[in-house]
Amino acid sequence: MVETGILEVERLEAGAPHAEDIVDEHGRAARRVASAPLLRVLVFAGGFASIGVELTASRLLAPFFGSSTFIWASLIGLTLAFLSLGYFLGGRLADRRPEPVVLYVVTAIAAVAIGTIPFVARPLLTGSLEAFRELDAGAFYGSLAGTLLLLAPPVTLLGFISPFAIRLQLSDVASAGKTAGSLYALSTIGSISGSFIPVLVLIPLIGTAATFIALSLALLVPAVAGLIAMRARPVALAAGLAAFTVPALVVAAPAGVRPPDRGILLDERESAYNYIQVVDEDGRRSLILNDGHAVHSVYDPDELLTGGPWDYFMVAPQMVEGVAQPEPRDVLLIGLAGGTVARQLTAAYGSIPIVGVEIDPEINDVAREYFALDELQNVDAIVADGRYALRTSDATFDLIGVDAYRQPYIPFQLTSREFFQEVSAHLRPCGVAVVNAGRTSTDFRLVEALAATMRDVFPHVVAIDVDRYTNTILIGSHAPLSADALSANVERLSGESPVREVAGWSLDSGNIRDIEPGGLVFTDDRAPVELVIDQMIFDAARELTR
(Lines give C-alpha, C1' and ligand atoms only; values in the text may rest on other atoms or scores of the structure.)
Protein backbone atom coordinates (compact mmCIF):
# COMPACT_ATOMS: atom_id res chain seq x y z
CA MET A 1 0.00 0.00 0.00
CA VAL A 2 2.83 2.37 0.85
CA GLU A 3 4.56 1.56 -2.43
CA THR A 4 1.31 2.16 -4.29
CA GLY A 5 0.90 5.55 -2.66
CA ILE A 6 4.49 6.51 -3.48
CA LEU A 7 3.96 5.49 -7.12
CA GLU A 8 0.77 7.54 -7.29
CA VAL A 9 2.56 10.62 -5.96
CA GLU A 10 5.36 10.11 -8.45
CA ARG A 11 2.86 9.74 -11.28
CA LEU A 12 1.14 12.99 -10.36
CA GLU A 13 4.48 14.79 -10.03
CA ALA A 14 5.45 13.47 -13.46
CA GLY A 15 2.25 14.96 -14.97
CA ALA A 16 0.59 11.67 -15.92
CA PRO A 17 -3.11 12.40 -16.58
CA HIS A 18 -5.96 11.10 -14.48
CA ALA A 19 -9.07 9.67 -16.22
CA GLU A 20 -10.84 12.91 -15.19
CA ASP A 21 -8.07 14.88 -16.85
CA ILE A 22 -8.52 12.89 -20.06
CA VAL A 23 -12.27 13.59 -20.04
CA ASP A 24 -11.62 17.28 -19.42
CA GLU A 25 -9.17 17.37 -22.30
CA HIS A 26 -11.76 15.83 -24.67
CA GLY A 27 -14.33 18.31 -23.39
CA ARG A 28 -12.00 21.22 -24.04
CA ALA A 29 -11.34 19.93 -27.55
CA ALA A 30 -15.05 19.62 -28.22
CA ARG A 31 -15.63 23.13 -26.94
CA ARG A 32 -12.85 24.47 -29.15
CA VAL A 33 -14.49 22.89 -32.18
CA ALA A 34 -17.91 24.07 -31.06
CA SER A 35 -16.73 27.66 -30.72
CA ALA A 36 -14.68 27.65 -33.88
CA PRO A 37 -15.70 29.71 -36.95
CA LEU A 38 -16.77 26.45 -38.61
CA LEU A 39 -19.80 26.20 -36.35
CA ARG A 40 -20.82 29.73 -37.28
CA VAL A 41 -20.49 28.83 -40.94
CA LEU A 42 -22.84 25.93 -40.29
CA VAL A 43 -25.37 28.21 -38.59
CA PHE A 44 -25.24 30.61 -41.53
CA ALA A 45 -25.64 27.74 -44.01
CA GLY A 46 -28.61 26.39 -42.06
CA GLY A 47 -30.43 29.72 -42.30
CA PHE A 48 -29.50 30.03 -45.97
CA ALA A 49 -30.81 26.54 -46.79
CA SER A 50 -34.06 26.81 -44.80
CA ILE A 51 -35.37 29.77 -46.80
CA GLY A 52 -33.68 28.64 -50.01
CA VAL A 53 -35.47 25.29 -49.89
CA GLU A 54 -38.83 26.99 -49.37
CA LEU A 55 -38.40 29.36 -52.32
CA THR A 56 -36.94 26.69 -54.61
CA ALA A 57 -39.80 24.35 -53.71
CA SER A 58 -42.21 27.00 -54.99
CA ARG A 59 -40.54 26.74 -58.41
CA LEU A 60 -40.65 22.95 -58.21
CA LEU A 61 -44.41 23.11 -57.72
CA ALA A 62 -45.21 25.96 -60.15
CA PRO A 63 -45.08 23.90 -63.39
CA PHE A 64 -47.64 21.52 -61.91
CA PHE A 65 -49.77 23.45 -59.39
CA GLY A 66 -49.20 27.12 -60.23
CA SER A 67 -48.03 29.78 -57.79
CA SER A 68 -51.24 30.97 -56.16
CA THR A 69 -51.58 32.32 -52.63
CA PHE A 70 -52.85 28.86 -51.66
CA ILE A 71 -49.55 27.30 -52.75
CA TRP A 72 -47.53 29.97 -50.96
CA ALA A 73 -49.63 29.65 -47.79
CA SER A 74 -49.05 25.89 -47.81
CA LEU A 75 -45.31 26.27 -48.32
CA ILE A 76 -44.81 28.96 -45.70
CA GLY A 77 -47.09 27.35 -43.13
CA LEU A 78 -45.57 23.87 -43.44
CA THR A 79 -42.01 25.23 -43.48
CA LEU A 80 -42.65 27.09 -40.23
CA ALA A 81 -44.31 24.00 -38.74
CA PHE A 82 -41.36 21.76 -39.65
CA LEU A 83 -38.84 24.30 -38.34
CA SER A 84 -40.77 24.60 -35.07
CA LEU A 85 -40.67 20.84 -34.66
CA GLY A 86 -36.94 20.91 -35.38
CA TYR A 87 -36.32 23.63 -32.79
CA PHE A 88 -38.12 21.55 -30.17
CA LEU A 89 -36.46 18.23 -30.98
CA GLY A 90 -33.06 19.80 -31.60
CA GLY A 91 -33.06 21.51 -28.21
CA ARG A 92 -33.89 18.27 -26.42
CA LEU A 93 -31.21 16.33 -28.32
CA ALA A 94 -28.63 19.03 -27.62
CA ASP A 95 -29.24 18.73 -23.86
CA ARG A 96 -28.87 14.95 -23.99
CA ARG A 97 -25.94 14.77 -26.40
CA PRO A 98 -24.11 18.14 -26.42
CA GLU A 99 -21.50 16.88 -28.88
CA PRO A 100 -20.47 18.74 -32.05
CA VAL A 101 -20.26 15.48 -34.02
CA VAL A 102 -23.98 14.89 -33.48
CA LEU A 103 -24.81 18.29 -34.96
CA TYR A 104 -22.59 17.71 -37.98
CA VAL A 105 -24.17 14.29 -38.62
CA VAL A 106 -27.69 15.76 -38.41
CA THR A 107 -26.71 18.52 -40.83
CA ALA A 108 -25.20 16.04 -43.28
CA ILE A 109 -28.42 14.00 -43.27
CA ALA A 110 -30.47 17.16 -43.89
CA ALA A 111 -28.19 18.10 -46.77
CA VAL A 112 -28.59 14.72 -48.48
CA ALA A 113 -32.36 14.88 -48.02
CA ILE A 114 -32.47 18.33 -49.66
CA GLY A 115 -30.56 17.05 -52.67
CA THR A 116 -33.04 14.24 -53.25
CA ILE A 117 -36.22 16.38 -53.11
CA PRO A 118 -36.66 17.15 -56.84
CA PHE A 119 -36.00 13.55 -57.86
CA VAL A 120 -38.23 11.89 -55.27
CA ALA A 121 -40.96 14.45 -56.02
CA ARG A 122 -40.95 13.75 -59.76
CA PRO A 123 -43.38 10.75 -59.69
CA LEU A 124 -45.83 12.65 -57.49
CA LEU A 125 -45.71 15.73 -59.69
CA THR A 126 -46.11 13.73 -62.88
CA GLY A 127 -49.11 11.98 -61.33
CA SER A 128 -50.69 15.36 -60.67
CA LEU A 129 -50.69 16.06 -64.41
CA GLU A 130 -52.80 12.97 -65.08
CA ALA A 131 -55.09 13.86 -62.19
CA PHE A 132 -55.70 17.36 -63.57
CA ARG A 133 -56.39 16.01 -67.06
CA GLU A 134 -59.02 13.74 -65.54
CA LEU A 135 -60.14 16.46 -63.10
CA ASP A 136 -59.52 14.15 -60.15
CA ALA A 137 -59.22 16.83 -57.48
CA GLY A 138 -58.41 14.31 -54.74
CA ALA A 139 -55.39 12.92 -56.56
CA PHE A 140 -54.37 16.41 -57.70
CA TYR A 141 -54.20 17.87 -54.20
CA GLY A 142 -52.95 14.56 -52.80
CA SER A 143 -49.91 14.89 -55.04
CA LEU A 144 -49.46 18.44 -53.79
CA ALA A 145 -49.64 17.29 -50.17
CA GLY A 146 -47.19 14.45 -50.80
CA THR A 147 -44.70 16.79 -52.42
CA LEU A 148 -44.95 19.29 -49.57
CA LEU A 149 -44.39 16.52 -47.03
CA LEU A 150 -41.08 15.74 -48.75
CA LEU A 151 -39.88 18.95 -47.12
CA ALA A 152 -40.57 17.57 -43.65
CA PRO A 153 -37.34 15.58 -43.05
CA PRO A 154 -34.78 18.15 -44.27
CA VAL A 155 -36.53 21.26 -42.92
CA THR A 156 -37.15 19.64 -39.53
CA LEU A 157 -33.48 18.66 -39.31
CA LEU A 158 -32.48 22.21 -40.28
CA GLY A 159 -34.40 23.36 -37.22
CA PHE A 160 -31.95 21.39 -35.07
CA ILE A 161 -29.02 23.64 -35.97
CA SER A 162 -29.70 26.88 -34.05
CA PRO A 163 -30.65 25.42 -30.63
CA PHE A 164 -27.86 22.83 -30.90
CA ALA A 165 -25.26 25.50 -31.74
CA ILE A 166 -26.41 27.65 -28.83
CA ARG A 167 -26.05 24.70 -26.46
CA LEU A 168 -22.54 23.98 -27.71
CA GLN A 169 -21.35 27.57 -27.43
CA LEU A 170 -23.02 28.36 -24.13
CA SER A 171 -20.25 28.62 -21.53
CA ASP A 172 -22.17 30.25 -18.66
CA VAL A 173 -25.60 31.63 -17.94
CA ALA A 174 -24.33 35.18 -17.80
CA SER A 175 -23.56 35.16 -21.51
CA ALA A 176 -26.61 33.14 -22.63
CA GLY A 177 -28.40 36.11 -24.18
CA LYS A 178 -25.33 37.26 -26.07
CA THR A 179 -24.63 33.76 -27.38
CA ALA A 180 -28.21 33.10 -28.48
CA GLY A 181 -28.60 36.56 -30.01
CA SER A 182 -25.40 36.38 -32.05
CA LEU A 183 -26.21 32.92 -33.43
CA TYR A 184 -29.81 33.78 -34.28
CA ALA A 185 -28.59 36.96 -35.98
CA LEU A 186 -26.15 34.91 -38.03
CA SER A 187 -28.87 32.42 -38.97
CA THR A 188 -31.16 35.26 -39.99
CA ILE A 189 -28.44 36.80 -42.17
CA GLY A 190 -28.16 33.39 -43.82
CA SER A 191 -31.92 33.37 -44.36
CA ILE A 192 -31.77 36.80 -45.96
CA SER A 193 -29.11 35.53 -48.35
CA GLY A 194 -31.29 32.47 -49.01
CA SER A 195 -34.16 34.77 -49.94
CA PHE A 196 -32.27 36.39 -52.81
CA ILE A 197 -29.47 34.17 -54.12
CA PRO A 198 -31.61 31.18 -55.21
CA VAL A 199 -34.26 33.36 -56.84
CA LEU A 200 -32.04 35.96 -58.50
CA VAL A 201 -28.96 33.85 -59.30
CA LEU A 202 -29.23 30.09 -58.96
CA ILE A 203 -32.66 29.26 -60.41
CA PRO A 204 -32.29 31.46 -63.53
CA LEU A 205 -28.72 30.25 -64.18
CA ILE A 206 -28.79 26.54 -63.31
CA GLY A 207 -32.46 25.59 -62.83
CA THR A 208 -34.58 24.28 -59.98
CA ALA A 209 -33.13 20.77 -59.56
CA ALA A 210 -29.54 22.01 -59.62
CA THR A 211 -30.46 24.72 -57.09
CA PHE A 212 -31.56 22.01 -54.66
CA ILE A 213 -28.16 20.38 -55.23
CA ALA A 214 -26.40 23.70 -54.55
CA LEU A 215 -28.33 24.11 -51.29
CA SER A 216 -27.43 20.54 -50.39
CA LEU A 217 -23.73 21.15 -50.96
CA ALA A 218 -23.86 24.42 -49.01
CA LEU A 219 -24.75 22.31 -45.97
CA LEU A 220 -22.63 19.26 -46.76
CA VAL A 221 -19.33 21.13 -47.03
CA PRO A 222 -19.28 22.59 -43.47
CA ALA A 223 -20.79 19.38 -42.08
CA VAL A 224 -18.04 17.21 -43.58
CA ALA A 225 -15.39 19.73 -42.53
CA GLY A 226 -16.72 19.58 -38.98
CA LEU A 227 -16.67 15.79 -38.92
CA ILE A 228 -13.07 15.81 -40.15
CA ALA A 229 -12.11 18.32 -37.47
CA MET A 230 -13.74 16.09 -34.85
CA ARG A 231 -11.80 13.11 -36.24
CA ALA A 232 -15.02 11.20 -36.90
CA ARG A 233 -13.43 9.63 -39.95
CA PRO A 234 -15.99 6.90 -40.84
CA VAL A 235 -18.89 9.34 -40.62
CA ALA A 236 -16.93 12.00 -42.51
CA LEU A 237 -16.19 9.46 -45.24
CA ALA A 238 -19.88 8.55 -45.56
CA ALA A 239 -20.87 12.22 -45.72
CA GLY A 240 -18.11 12.85 -48.25
CA LEU A 241 -19.44 10.08 -50.47
CA ALA A 242 -22.87 11.66 -50.21
CA ALA A 243 -21.35 14.96 -51.31
CA PHE A 244 -20.38 13.27 -54.59
CA THR A 245 -23.50 11.10 -54.89
CA VAL A 246 -26.04 13.90 -54.65
CA PRO A 247 -24.68 15.93 -57.61
CA ALA A 248 -24.58 12.70 -59.62
CA LEU A 249 -28.37 12.66 -59.42
CA VAL A 250 -28.43 15.60 -61.81
CA VAL A 251 -26.62 13.54 -64.41
CA ALA A 252 -28.67 10.43 -63.79
CA ALA A 253 -32.03 12.20 -63.74
CA PRO A 254 -34.07 12.40 -66.94
CA ALA A 255 -33.81 15.68 -68.80
CA GLY A 256 -36.52 18.26 -68.42
CA VAL A 257 -38.66 19.49 -65.56
CA ARG A 258 -41.97 18.14 -66.80
CA PRO A 259 -43.03 16.39 -70.01
CA PRO A 260 -44.95 18.56 -72.49
CA ASP A 261 -48.71 18.09 -72.57
CA ARG A 262 -48.64 18.07 -76.35
CA GLY A 263 -46.36 18.05 -79.37
CA ILE A 264 -42.57 17.93 -79.50
CA LEU A 265 -40.61 19.93 -76.94
CA LEU A 266 -38.43 22.53 -78.68
CA ASP A 267 -37.26 24.53 -75.68
CA GLU A 268 -37.55 24.42 -71.93
CA ARG A 269 -36.18 27.02 -69.55
CA GLU A 270 -36.75 28.65 -66.20
CA SER A 271 -36.76 32.37 -65.55
CA ALA A 272 -37.23 34.52 -62.49
CA TYR A 273 -40.97 34.56 -63.22
CA ASN A 274 -41.94 31.46 -65.18
CA TYR A 275 -41.26 27.91 -66.19
CA ILE A 276 -41.34 28.09 -70.00
CA GLN A 277 -41.93 25.44 -72.65
CA VAL A 278 -42.11 25.78 -76.43
CA VAL A 279 -43.69 22.84 -78.26
CA ASP A 280 -44.19 22.04 -81.94
CA GLU A 281 -47.34 20.40 -83.28
CA ASP A 282 -46.99 19.74 -87.02
CA GLY A 283 -45.28 23.05 -87.67
CA ARG A 284 -47.45 25.08 -85.27
CA ARG A 285 -45.58 26.35 -82.23
CA SER A 286 -47.17 26.94 -78.84
CA LEU A 287 -45.94 28.79 -75.77
CA ILE A 288 -46.79 27.01 -72.51
CA LEU A 289 -46.07 28.49 -69.09
CA ASN A 290 -45.82 27.13 -65.56
CA ASP A 291 -48.52 24.54 -64.80
CA GLY A 292 -49.00 23.87 -68.52
CA HIS A 293 -52.79 23.93 -68.50
CA ALA A 294 -53.10 26.73 -71.04
CA VAL A 295 -51.45 27.85 -74.28
CA HIS A 296 -50.30 31.47 -74.15
CA SER A 297 -49.20 32.08 -77.74
CA VAL A 298 -49.40 30.30 -81.07
CA TYR A 299 -47.30 30.79 -84.20
CA ASP A 300 -47.80 29.14 -87.58
CA PRO A 301 -45.85 30.75 -90.43
CA ASP A 302 -48.41 29.41 -92.93
CA GLU A 303 -51.62 30.31 -91.09
CA LEU A 304 -52.53 33.64 -89.44
CA LEU A 305 -55.73 32.63 -87.68
CA THR A 306 -55.51 30.23 -84.76
CA GLY A 307 -59.17 29.60 -83.96
CA GLY A 308 -58.32 30.70 -80.44
CA PRO A 309 -58.99 33.76 -78.26
CA TRP A 310 -56.14 35.79 -79.80
CA ASP A 311 -58.09 36.14 -83.07
CA TYR A 312 -60.93 37.99 -81.36
CA PHE A 313 -58.81 40.99 -80.37
CA MET A 314 -59.09 42.06 -84.03
CA VAL A 315 -62.89 42.09 -83.79
CA ALA A 316 -63.19 44.32 -80.72
CA PRO A 317 -62.81 47.75 -82.43
CA GLN A 318 -65.51 46.79 -84.95
CA MET A 319 -68.13 46.52 -82.19
CA VAL A 320 -68.15 50.26 -81.48
CA GLU A 321 -71.32 51.97 -82.68
CA GLY A 322 -71.37 55.24 -84.62
CA VAL A 323 -67.71 55.30 -85.70
CA ALA A 324 -67.06 55.85 -89.39
CA GLN A 325 -63.74 53.98 -89.45
CA PRO A 326 -63.47 51.74 -86.37
CA GLU A 327 -59.80 50.94 -86.82
CA PRO A 328 -57.30 51.39 -83.98
CA ARG A 329 -54.47 53.84 -84.57
CA ASP A 330 -52.35 52.42 -81.77
CA VAL A 331 -52.47 49.56 -79.29
CA LEU A 332 -51.21 48.66 -75.82
CA LEU A 333 -50.93 44.94 -75.07
CA ILE A 334 -50.44 43.86 -71.47
CA GLY A 335 -49.07 40.34 -71.78
CA LEU A 336 -47.21 40.33 -75.10
CA ALA A 337 -46.03 36.72 -74.68
CA GLY A 338 -45.09 35.29 -78.09
CA GLY A 339 -46.72 38.17 -79.98
CA THR A 340 -49.73 36.30 -81.43
CA VAL A 341 -52.18 39.17 -80.83
CA ALA A 342 -49.68 41.74 -82.09
CA ARG A 343 -49.15 39.76 -85.29
CA GLN A 344 -52.88 39.49 -85.97
CA LEU A 345 -53.61 43.16 -85.26
CA THR A 346 -50.78 44.09 -87.63
CA ALA A 347 -52.23 41.84 -90.34
CA ALA A 348 -55.71 43.30 -89.83
CA TYR A 349 -54.95 47.02 -89.44
CA GLY A 350 -51.53 47.54 -90.94
CA SER A 351 -48.28 48.55 -89.32
CA ILE A 352 -49.86 50.54 -86.48
CA PRO A 353 -47.74 51.30 -83.37
CA ILE A 354 -48.10 48.53 -80.80
CA VAL A 355 -46.60 48.70 -77.32
CA GLY A 356 -46.25 45.19 -75.92
CA VAL A 357 -45.61 44.84 -72.19
CA GLU A 358 -44.15 41.57 -70.94
CA ILE A 359 -42.85 41.13 -67.41
CA ASP A 360 -40.52 38.24 -68.23
CA PRO A 361 -37.45 39.01 -70.36
CA GLU A 362 -36.97 35.28 -71.05
CA ILE A 363 -40.37 35.14 -72.73
CA ASN A 364 -39.29 38.04 -74.93
CA ASP A 365 -36.21 36.05 -75.92
CA VAL A 366 -38.33 32.97 -76.65
CA ALA A 367 -40.73 35.08 -78.71
CA ARG A 368 -37.88 36.34 -80.88
CA GLU A 369 -36.33 32.91 -81.29
CA TYR A 370 -39.42 30.77 -81.89
CA PHE A 371 -42.35 33.11 -82.64
CA ALA A 372 -40.75 35.55 -85.14
CA LEU A 373 -41.38 38.60 -82.96
CA ASP A 374 -38.51 40.42 -84.66
CA GLU A 375 -40.48 40.41 -87.92
CA LEU A 376 -42.97 42.85 -86.37
CA GLN A 377 -41.12 46.14 -86.76
CA ASN A 378 -44.11 48.11 -85.42
CA VAL A 379 -44.00 46.40 -82.02
CA ASP A 380 -42.16 48.09 -79.16
CA ALA A 381 -41.55 45.30 -76.63
CA ILE A 382 -41.18 46.59 -73.06
CA VAL A 383 -40.05 44.41 -70.15
CA ALA A 384 -42.11 45.57 -67.17
CA ASP A 385 -45.03 44.69 -64.94
CA GLY A 386 -48.22 45.45 -66.85
CA ARG A 387 -49.93 47.48 -64.18
CA TYR A 388 -46.77 49.44 -63.38
CA ALA A 389 -46.25 50.22 -67.07
CA LEU A 390 -49.84 51.42 -67.34
CA ARG A 391 -49.67 53.53 -64.20
CA THR A 392 -46.42 55.25 -65.18
CA SER A 393 -47.50 56.07 -68.76
CA ASP A 394 -49.22 59.25 -69.94
CA ALA A 395 -50.13 57.81 -73.36
CA THR A 396 -53.65 57.02 -74.51
CA PHE A 397 -54.65 54.25 -76.92
CA ASP A 398 -57.50 53.12 -79.12
CA LEU A 399 -57.16 49.53 -77.93
CA ILE A 400 -55.78 48.13 -74.69
CA GLY A 401 -55.57 44.36 -74.60
CA VAL A 402 -55.04 42.24 -71.49
CA ASP A 403 -53.80 38.73 -72.14
CA ALA A 404 -51.70 38.21 -69.02
CA TYR A 405 -53.85 35.77 -67.14
CA ARG A 406 -51.98 32.57 -66.28
CA GLN A 407 -54.27 29.58 -65.91
CA PRO A 408 -55.55 28.08 -63.78
CA TYR A 409 -54.66 30.86 -61.33
CA ILE A 410 -54.33 34.47 -62.42
CA PRO A 411 -52.64 37.56 -60.89
CA PHE A 412 -55.34 39.31 -58.87
CA GLN A 413 -53.88 42.79 -59.45
CA LEU A 414 -54.91 42.56 -63.12
CA THR A 415 -58.52 41.71 -62.29
CA SER A 416 -59.57 44.49 -59.91
CA ARG A 417 -61.80 47.52 -60.34
CA GLU A 418 -58.84 49.79 -59.70
CA PHE A 419 -56.90 48.13 -62.52
CA PHE A 420 -59.73 48.63 -65.00
CA GLN A 421 -60.07 52.24 -63.86
CA GLU A 422 -56.44 52.72 -64.87
CA VAL A 423 -57.15 51.02 -68.20
CA SER A 424 -60.13 53.33 -68.71
CA ALA A 425 -58.00 56.41 -68.00
CA HIS A 426 -55.63 55.43 -70.85
CA LEU A 427 -58.34 54.84 -73.46
CA ARG A 428 -59.52 57.42 -75.98
CA PRO A 429 -63.28 58.16 -75.97
CA CYS A 430 -64.19 55.44 -78.47
CA GLY A 431 -61.40 53.07 -77.47
CA VAL A 432 -61.93 49.48 -76.34
CA ALA A 433 -60.48 47.37 -73.53
CA VAL A 434 -60.20 43.68 -74.47
CA VAL A 435 -59.66 40.93 -71.90
CA ASN A 436 -59.04 37.23 -72.51
CA ALA A 437 -60.64 35.25 -69.65
CA GLY A 438 -60.52 31.50 -69.05
CA ARG A 439 -63.36 29.21 -68.01
CA THR A 440 -64.59 25.63 -68.42
CA SER A 441 -67.18 24.51 -70.94
CA THR A 442 -69.96 24.98 -68.38
CA ASP A 443 -68.59 27.06 -65.50
CA PHE A 444 -68.43 30.81 -66.16
CA ARG A 445 -67.91 32.04 -62.59
CA LEU A 446 -64.52 33.62 -63.25
CA VAL A 447 -65.77 35.20 -66.49
CA GLU A 448 -68.83 36.54 -64.69
CA ALA A 449 -66.71 38.09 -61.92
CA LEU A 450 -64.34 39.73 -64.41
CA ALA A 451 -67.29 40.93 -66.50
CA ALA A 452 -69.01 42.39 -63.43
CA THR A 453 -65.79 44.16 -62.46
CA MET A 454 -65.36 45.64 -65.92
CA ARG A 455 -69.05 46.64 -65.99
CA ASP A 456 -68.49 48.54 -62.75
CA VAL A 457 -66.02 50.75 -64.67
CA PHE A 458 -67.24 50.75 -68.29
CA PRO A 459 -70.86 51.61 -69.18
CA HIS A 460 -70.76 49.10 -72.02
CA VAL A 461 -69.34 45.56 -71.77
CA VAL A 462 -69.85 42.72 -74.24
CA ALA A 463 -68.80 39.06 -73.96
CA ILE A 464 -67.88 36.77 -76.87
CA ASP A 465 -67.49 33.06 -76.10
CA VAL A 466 -64.74 31.43 -78.15
CA ASP A 467 -66.07 28.33 -79.88
CA ARG A 468 -62.94 26.18 -80.07
CA TYR A 469 -61.35 27.15 -76.74
CA THR A 470 -62.70 27.46 -73.21
CA ASN A 471 -62.17 31.22 -73.23
CA THR A 472 -64.39 34.26 -73.26
CA ILE A 473 -63.38 37.63 -74.69
CA LEU A 474 -64.64 40.61 -72.68
CA ILE A 475 -64.81 43.99 -74.41
CA GLY A 476 -65.39 47.20 -72.47
CA SER A 477 -65.83 50.75 -73.71
CA HIS A 478 -67.36 54.13 -72.90
CA ALA A 479 -68.94 54.03 -76.37
CA PRO A 480 -71.92 51.77 -77.14
CA LEU A 481 -71.04 48.24 -78.32
CA SER A 482 -73.26 45.79 -80.19
CA ALA A 483 -73.36 42.80 -82.48
CA ASP A 484 -75.29 44.93 -85.00
CA ALA A 485 -72.39 47.40 -85.13
CA LEU A 486 -70.00 44.52 -85.70
CA SER A 487 -72.11 43.18 -88.57
CA ALA A 488 -72.39 46.61 -90.22
CA ASN A 489 -68.73 47.52 -89.77
CA VAL A 490 -67.27 44.29 -91.16
CA GLU A 491 -69.42 44.67 -94.28
CA ARG A 492 -67.30 47.67 -95.19
CA LEU A 493 -64.08 45.67 -94.91
CA SER A 494 -62.39 44.06 -97.88
CA GLY A 495 -63.22 40.44 -98.53
CA GLU A 496 -59.69 39.30 -97.67
CA SER A 497 -59.66 40.86 -94.21
CA PRO A 498 -59.11 38.32 -91.41
CA VAL A 499 -61.43 40.42 -89.26
CA ARG A 500 -64.36 39.48 -91.49
CA GLU A 501 -63.75 35.76 -90.94
CA VAL A 502 -63.43 36.00 -87.15
CA ALA A 503 -66.47 38.26 -86.94
CA GLY A 504 -68.37 35.67 -88.92
CA TRP A 505 -67.53 33.00 -86.35
CA SER A 506 -68.97 35.16 -83.60
CA LEU A 507 -72.07 36.33 -85.47
CA ASP A 508 -72.92 32.87 -86.78
CA SER A 509 -72.55 31.21 -83.36
CA GLY A 510 -74.64 33.78 -81.54
CA ASN A 511 -72.09 33.79 -78.72
CA ILE A 512 -72.24 37.56 -78.25
CA ARG A 513 -74.06 38.97 -75.23
CA ASP A 514 -74.29 42.23 -73.29
CA ILE A 515 -73.15 42.32 -69.66
CA GLU A 516 -75.56 43.91 -67.22
CA PRO A 517 -74.51 45.55 -63.93
CA GLY A 518 -74.30 43.42 -60.81
CA GLY A 519 -72.39 40.46 -59.44
CA LEU A 520 -69.09 39.96 -57.63
CA VAL A 521 -66.71 42.89 -58.21
CA PHE A 522 -63.00 42.32 -57.59
CA THR A 523 -61.08 45.11 -55.86
CA ASP A 524 -57.46 45.59 -54.86
CA ASP A 525 -58.55 44.96 -51.28
CA ARG A 526 -60.64 41.87 -52.02
CA ALA A 527 -60.16 39.79 -55.14
CA PRO A 528 -60.78 36.11 -54.22
CA VAL A 529 -59.52 34.82 -57.56
CA GLU A 530 -57.97 31.64 -56.16
CA LEU A 531 -61.14 30.82 -54.21
CA VAL A 532 -63.31 31.13 -57.33
CA ILE A 533 -60.94 28.96 -59.39
CA ASP A 534 -60.59 26.33 -56.65
CA GLN A 535 -64.38 26.05 -56.52
CA MET A 536 -64.45 25.61 -60.29
CA ILE A 537 -61.86 22.81 -60.12
CA PHE A 538 -63.65 20.94 -57.33
CA ASP A 539 -67.07 21.30 -58.95
CA ALA A 540 -65.70 20.05 -62.28
CA ALA A 541 -64.18 17.04 -60.52
CA ARG A 542 -67.47 16.37 -58.72
CA GLU A 543 -69.40 16.48 -61.98
CA LEU A 544 -66.95 14.06 -63.57
CA THR A 545 -67.34 11.49 -60.80
CA ARG A 546 -71.14 11.47 -60.88
Side-chain angles (χ1 to χ4, degrees), residues 262 281-288 294-320 326-328 331-352 354 356 367 371-373 375-376 378-379 398-405 407 431-439 441 447 450 461-477 481-483 485-487 489-513:
R262 58 187 70 95
E281 299 174 88
D282 298 324
R284 176 169 165 163
R285 294 174 180 175
S286 300
L287 175 67
I288 300 172
V295 175
H296 294 262
S297 284
V298 170
Y299 172 66
D300 187 337
D302 301 320
E303 182 64 45
L304 175 69
L305 298 181
T306 66
W310 311 278
D311 302 344
Y312 291 76
F313 282 73
M314 297 185 293
V315 168
Q318 304 295 326
M319 299 199 71
V320 179
E327 298 183 357
V331 174
L332 171 66
L333 294 178
I334 297 176
L336 179 62
T340 304
V341 174
R343 179 176 301 279
Q344 293 176 324
L345 288 172
T346 301
Y349 299 110
S351 188
I352 58 175
I354 298 177
F371 294 84
L373 183 62
E375 294 179 359
L376 302 176
N378 58 312
V379 176
D398 285 335
L399 188 155
I400 297 178
V402 182
D403 191 22
Y405 297 159
Q407 303 300 330
V432 290
V434 190
V435 174
N436 177 17
R439 55 177 171 81
S441 58
V447 171
L450 290 171
V461 177
V462 170
I464 304 177
D465 297 329
V466 180
D467 264 343
R468 305 179 200 178
Y469 283 66
T470 53
N471 293 73
T472 295
I473 300 299
L474 298 172
I475 304 170
S477 179
L481 304 169
S482 69
L486 174 61
S487 180
N489 287 329
V490 296
E491 283 300 320
R492 295 196 294 266
L493 298 174
S494 65
E496 299 298 324
S497 173
V499 180
R500 179 188 293 273
E501 185 173 353
V502 179
W505 299 343
S506 303
L507 293 168
D508 293 343
S509 66
N511 291 337
I512 302 177
R513 62 188 185 280

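Only this structure's heavy atoms are used, side chains among them; waters, hydrogens and symmetry mates stay out.
Of the possible donor and acceptor atoms, one in the side chain of Arg500 sits under 3.5 Å from a partner among the backbone N and O of Leu493.
In this structure, a donor-acceptor pair under 3.5 Å is present between the side chains of Thr346 and Asn378. Using a 3.5 Å distance cut-off with no hydrogens or angles, the side chains of Arg439 and Thr470 do not pair a donor with an acceptor.
Taking the side chain as every heavy atom from C-beta outward, Gln318 and Val499 approach each other to under 4.5 Å. Counting only heavy atoms from C-beta outward, the side chains of Val466 and Ile473 approach each other to under 4.5 Å. Residues Leu486 and Val315 meet the side-chain proximity criterion, which asks for heavy atoms closer than 4.5 Å. Contact annotation: the side chain of Glu327 never approaches that of Pro317 to less than 4.5 Å [non-hydrogen atoms, C-beta and beyond]. Side-chain contact check for Leu450 versus Leu474: some heavy-atom pair is nearer than 4.5 Å. Counting heavy atoms from C-beta outward, Tyr349 and Val331 have side chains that stay 4.5 Å or more apart. Residues Val432 and Leu481 have side chains in contact (heavy-atom distance under 4.5 Å, counting atoms from C-beta outward).
Going from atom CG of Asp398 over to atom CG of Leu332 covers 11.5 Å, rounded to the nearest 0.5 Å. Interatomic distance, OH of Tyr469 versus CG of Asn436, reported as 10.5 Å (0.5 Å rounding). Taking CZ of Phe371 as the reference point, atom OG1 of Thr340 lies at 6.5 Å (rounded to 0.5 Å).
Evaluation of the side-chain contact (heavy atoms from CB on, under 4.5 Å) rule for Ser506 yields Tyr312, Ile464, Ile512 as partners, not counting sequence neighbours. Partners of Arg492 according to the side chain to side chain donor-acceptor pair (under 3.5 Å) rule, which considers only residues two or more places apart in sequence or in another chain, are Asn489. Taking Ser487 as the reference, nothing meets the side chain to side chain donor-acceptor pair (under 3.5 Å) condition, with sequence neighbours excluded. Residues forming a side-chain contact (heavy atoms from CB on, under 4.5 Å) with Ala372 (at least two apart in sequence, or on another chain): Tyr299, Arg343, Glu375. Applying the side chain to side chain donor-acceptor pair (under 3.5 Å) criterion to Ser497, with sequence neighbours excluded, gives no partner residue. Listed by chain and residue number, Asp311 satisfy the side chain to side chain donor-acceptor pair (under 3.5 Å) test with Gln344 (two or more places apart in sequence, or in another chain).
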Next on the checklist: As a quick check of understanding, evaluate salt bridge (Lys or Arg N to Asp or Glu O under 4.0 Å) for Asp302 and Arg284, giving each step before the final call.
Outcome noted: CA-CA 9 Å; Asp302 301 320; Arg284 176 169 165 163; over 6 Å; no
